[in-house]
Amino acid sequence: MKTVVLAYSGGLDTSVCIPLLKERYDYDRVITVVADVGQPASEIDDATKRAETLADEHYTLDLKNEFVDDYLFPSIRANGLYEGYVLGTALARPLIAKKIVEVAKSEKADALAHGCTGKGNDQLRFEVVFRATDLDVVAPMRDMNLTREWEIDYASGRGIPVTVSRENIWSVDENLWSRSIEGGELENPYFIPPEEIYEWTRSPEDAPPDPEIIELTFLNGVPVSLNGTTMDGVSLIAELNRIGGAHGIGRSDNIEDRVLGLKAREIYEHPAATILLSAHRDLESLVLTRDELRFKAMVDAAWAELAYMGLVDDPLYTDLSAFIGETQKRVAGDVKLRLYRGSARVVARRSDFALYSEELVSFGESSIDQKDSEGFSKYHGFQARLVRKKMK
Ligand code: ARG
């Protein structure tokens, strides 16, 4: 009796994997796991129902709180962006993989499976976690080089309900942090995305004509309240996705360098992430020293690269996170943003840890004696002046 645990999304690829694991790989028992990381509730329900008919055993796990606390909040603290991408898919994979391993251990399974192709990043993100165990790793999509057309035919032959058609070809990955849309004509980077691919965001030109001011409060580098109301992370992010989406905030269209080196055209929606990352970065500029800000930009970039690659168990990730965590103790305060037709602009900020002194910097009366700066001015650019003299 051989058992395999499959990371299941309810989509065509992973649905096809269930019979394939039995027919082509000789597993007797296929256990599916649906990870709820904030996909629409209807999608979780559909996936659960489908899994219950196709698999021998099924788990639907609500991972939303863990996703926010252990992956999204750290990403806010690290101003997490890879080539302009907010890392939604990238951050969810290690958590899902970890849960698959836990189920496999409790079910005494022999193998772990995923439905990723051999072209993307997700195979790497899953397997770096899977391969830390001594269980077998199976990737039917990658092994068999399957095409959509073949899968659709195979699925209809196995009684698997197919919701994607040959026309509806967008490949979507969605969680609390972002919605990613790939495939079909979008693969041509010169093709202008049609309005129909967007679900979270209104087009900026259809957004309300009046701007909206919102206030976010941060503590230890993470948001704790919205407009004065304390909220848990999951609710706060969901609410910001709703408000920001209505204002057309958080669409991006990136040419992205995948880990393997392939360039891909990637379209994302991420209203809450855009708002939170802008607010957080602004607050940091108020409370961190100039040297901390410069150094942290390098740490943040290294952090984002590891997160993109799914290397959250790398010792360097822990080291960088320790540095980031230390800096965030002072990242507390309030930020106001103006949401208007596709933009989220910080318009006000305050903090008890602000390194800003209105009294010192003001154009009005001040305790600074301006004459003190004269000596500094004399030495400013001193070496450059010497070089110019020598080169005459
Ligand atoms: N490019 C992104 C990443 O590697 C998102 C991929 C999402 N997949 C999808 N089928 N839309 O994290």
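As the structure lists them, so they are numbered: ligands from 1, and atoms in each ligand from 1. Note that these values count all heavy atoms, side chains included, but never hydrogens, waters or copies made by symmetry.
A donor and an acceptor atom, one from each side chain of Y154 and E23, are located under 3.5 Å apart. Using modelled atom types, one finds a donor on one side chain and an acceptor on the other under 3.5 Å when comparing T89 with D173. S178 and Y85 are not linked by any side-chain donor-acceptor pair at a separation below 3.5 angstrom, with hydrogens and angles left out of the test. Under 3.5 Å, the side chains of H58 and T60 contain a donor-acceptor pair of N or O atoms. Looking at Q123 and H114, their side chains never bring a donor and an acceptor atom within 3.5 Å of each other.
Among E182, E83, R258, E174, the residue whose heavy atom sits closest to atom 9 (C) of ligand 1 is E182.
Nearest to atom 10 (N) of ligand 1 among the protein's heavy atoms is S171 OG, 2.6 Å. Of all protein heavy atoms, the one lying nearest to atom 12 (O) of ligand 1 is Y85 OH, 2.7 Å. Protein heavy atom at the shortest distance from atom 2 (C) of ligand 1 is Y268 OH, 3.1 Å. Looking from atom 5 (C) of ligand 1 to the surrounding protein, the closest heavy atom is T89 OG1, 3.6 Å.
Not a single heavy atom of R93 sits closer than 4.0 Å to an atom of ligand 1.
Identified under the side chain to side chain donor-acceptor pair (under 3.5 Å) test for residues 304-316, with sequence neighbours left out: N121-Y308, E256-Y308.
Not one N or O of D122 is nearer than 3.5 Å to an N or O of ligand 1, by distance alone.
Counting atoms of ligand 1 from 1 in the listed order, those under 4.0 Å from a heavy atom of A90 are 12 (O). Short contacts between ligand 1 and S180, defined as distances under 4.0 Å to a heavy atom of the residue, involve ligand atoms 5 (C), 6 (C), 7 (C), 8 (N), 9 (C), 11 (N). Proximity to R125 (heavy-atom distance under 4.0 Å) selects the following atoms of ligand 1: 3 (C), 4 (O), 12 (O). For ligand 1, the atoms lying closer than 4.0 Å to a non-hydrogen atom of D173 are 7 (C), 8 (N), 9 (C), 11 (N). Close approach of ligand 1 to E256 (heavy-atom distance below 4.0 Å) involves ligand atoms 1 (N), 2 (C), 3 (C), 4 (O).
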>> Set out, in order, the CA-CA distance, both residues' side-chain angles and the distance that settles side-chain contact (heavy atoms from CB on, under 4.5 Å) for I181 and E269, then state yes or no.
In response: CA-CA 8 Å; I181 314 109; E269 299 182 274; 4.2 Å; yes
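The neighbour count for D352 CG, taken as heavy atoms of other residues, nucleotides or ligands under 6.0 Å away, does not exceed 12.
Of all the heavy atoms of Y82, none lies under 4.0 Å from any atom of ligand 1, so neither backbone nor side chain is involved. Only the side chain of N121 comes within 4.0 Å of ligand 1, counting heavy atoms alone; its backbone N, CA, C and O stay farther away.
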Without placing hydrogens or testing angles, list every side-chain donor-acceptor pair under 3.5 Å for residues 378-392, not counting sequence neighbours.
from: R385; atom 1: NH1; to: H380; atom 2: O; distance (Å): 3.1
from: R385; atom 1: NH2; to: K378; atom 2: O; distance (Å): 2.7

